[in-house]
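Okay, structure first, notes after.
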Amino acid sequence: GGGYRCRLRGRGYRGARGGVGRFGRWGGVGLRGGVYFCGRRLRGTVTLTWNLDHFADSQTHWFRLYENQDYVGYQSVKTTSFGNDRVAVEITSTRVEVLPPDAPDTAKTKTLSTTTESLSFHPGDYTTSPPLNLTSLAFTDNSRGAEFSSSAQRLGGKLQGFITAEKDDVPSARSVAAPLTTISPAGIPLLAAALPLEKNHVLPLHLLSPWDLLPHPGYVLISRGKQKIEDRPAAEQLFRVDLMHAGIILESYWLSENRQLLRTELLSGSKREALHVGSQTDAQATSLPTPTPKK
C-alpha cells in the first residue's frame, strides 16, 4: 500500500554493452545497489523474461470488464510475434450497458464506447537492451462523445506523432523526446508479465499517454510474489505485479506460473477489473457469475 510519503530511492547505471542498432552506445540500464521503497529494500538489477509463446500465432485473448462487481463490457487482446525481435499488440475495449429483460430491443446490451490501442515494440532483457523499445503506436477512442485519434513512431530518440481531436480538420503534430523506458498503457501488462515473479523487483517507467503523446515519469512496476486474491480462498494464489506512481497503487496484474495474465485490477476511484475468459462468447455474455479467476 502506502501513500505519498513512499518514495523510490536508488542509483541508476548505464552499462557498457548495448543492443546493436537499438540500444546503441548507451548500453544496459538498470538499478544498482540498495533500492528502497516505503522503507523496504528492493531487488537490484532486473532481468526481464519474455514468454513469447503467448504472442505466437496471432492469438486473441478475451477479458470480461467489471466495475464495482458489475459487468460493464469486454476486451480483446490480439498479440503477434515476429520472431524474437518484434511484437505487435492490439487491444480493443468495448463498454456496454446491459439492457433490462423487458427492453423492446432483442439485443441484451447497448454499446456505449469503443477504444482501440495498437503498438509494436522490441522486447529486451533490461540488461543489454532496453526493457521494451516502443516503435509505433496508434490509438482511437469515442468515449468522450467525439472521435479522438493519435499515432506515433519512434525516430531515433524521439517519437513523431499526430493527434486528431473531435472535428479538427488538421491533425496537430508532436515531436517529443522519449526515453527508452517509455511505454504506452497497452504494453504495461505485457511488461509486468516479463518481470521476475519473486517479490520486490522494481522497474522504473515513463508512461506515454495516447491523449497527449507525452511520456510521463515517476511510474514503477513492482513484483509482489504470490499473493492471495481478495474475496477468494486462501489457497487460490497468483503472482502479482503492481503499477505505482508517487507511492499509490494504480493497477495490479495477476499472473499464472507461466506468466499468463489472468486478471487486472484498476484502483482509481471505483474498483475496475478485467477477468480472462476462454472465448469471445464468454466475454460478451451478460449472465456469467461475479469474477472468478480462470485457472
Side-chain angles (χ1 to χ4, degrees), residues 1-3 6-13 28-55 61 77 79 87 89 121 123-132 180-207 217-230 232 234-268 273-276 293-295:
C6 297
R7 295 183 179 179
L8 182 70
R9 296 186 292 110
R11 290 190 300 132
Y13 74 89
V29 177
L31 294 171
R32 170 179 290 158
V35 181
Y36 297 87
F37 187 81
C38 294
R40 297 190 298 273
R41 182 185 175 99
L42 303 177
R43 303 294 180 97
T45 305
V46 173
T47 300
L48 301 181
T49 302
W50 295 89
N51 187 346
L52 295 181
D53 291 341
H54 296 325
F55 306 125
H61 299 272
V77 181
T79 56
V87 171
V89 182
F121 62 90
D125 61 8
Y126 199 43
T127 301
T128 61
S129 58
L132 187 152
L180 291 176
T181 52
T182 300
I183 181 61
S184 65
I188 291 179
L190 308 178
L191 193 55
L195 238 62
L197 297 178
E198 299 82 7
K199 65 180 180 180
N200 291 344
H201 286 277
V202 61
L203 179 66
L205 299 173
H206 285 73
L207 183 60
Y219 292 84
V220 292
L221 283 171
I222 299 180
S223 56
R224 302 296 192 184
K226 269 196 172 181
Q227 299 279 326
K228 177 187 178 298
I229 304 173
E230 184 180 353
R232 302 302 304 164
E236 198 169 307
Q237 295 186 343
L238 296 173
F239 290 98
R240 184 179 122 201
V241 177
D242 290 337
L243 173 67
M244 305 188 72
H245 185 262
I248 302 297
I249 298 176
L250 302 179
E251 299 182 4
S252 294
Y253 310 102
W254 297 87
L255 309 167
S256 65
E257 295 275 356
N258 67 345
R259 300 177 180 275
Q260 184 174 4
L261 179 67
L262 299 181
R263 178 173 181 157
T264 300
E265 294 178 358
L266 296 86
L267 307 175
S268 55
E273 296 175 282
L275 175 68
H276 186 269
K294 178 189 172 187
K295 294 184 179 180

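Nearest heavy-atom pair across Pro189 and Leu261 is CB-CD2, 3.7 Å. Closest heavy-atom contact between Ser256 and Leu238: CA-CD2, 4.5 Å. Between Pro217 and His245, the shortest heavy-atom contact is O-NE2, 3.4 Å. Pairing each heavy atom of Lys226 with each of Glu257, the nearest pair is NZ-OE2, 2.9 Å.
Considering Val202, Val220, Leu205, Leu250 as possible partners of Met244, the one that fulfils the side-chain contact (heavy atoms from CB on, under 4.5 Å) test is Val220.
The structure places NE2 of His276 at 4.5 Å from CD of Gln260, a figure rounded to the nearest 0.5 Å. Between the CG atom in Leu262 and the NE2 atom in His61 there is a gap of 10.5 Å [rounded to 0.5 Å].
Scored by the side chain to side chain donor-acceptor pair (under 3.5 Å) test, Ser223 finds no partners at all (sequence neighbours excluded). Annotation: side-chain contact (heavy atoms from CB on, under 4.5 Å) contacts of Ile188 (sequence neighbours excluded): Ile183, Leu207, Leu221, Leu243, Tyr253. Residues that satisfy the salt bridge (charged side-chain N to carboxylate O under 4.0 Å, His left out) test with Glu251, not counting sequence neighbours, are absent from this structure. Looking at residues two or more places apart in sequence or on another chain, you find a side chain to side chain donor-acceptor pair (under 3.5 Å) between Ser252 and Asp242.
The closest side-chain heavy-atom distance from Thr181 to Tyr219 is not below 4.5 Å. The side-chain heavy atoms of Glu198 and Phe239, taken from C-beta on, include no pair separated by under 4.5 Å.
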Run the side chain to side chain contact (heavy atoms under 4.5 Å, CB included) check on Arg263 and Arg240 step by step: do they pass?
-> CA-CA 10 Å; Arg263 178 173 181 157; Arg240 184 179 122 201; over 6 Å; no
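With hydrogens and angles disregarded, a donor-acceptor distance shorter than 3.5 Å links the side chain of Arg259 to the backbone of Leu195.
Residue pairs meeting the side chain to side chain donor-acceptor pair (under 3.5 Å) criterion with at least one partner in residues 182-195, sequence neighbours excluded, are Glu117-Ser184.
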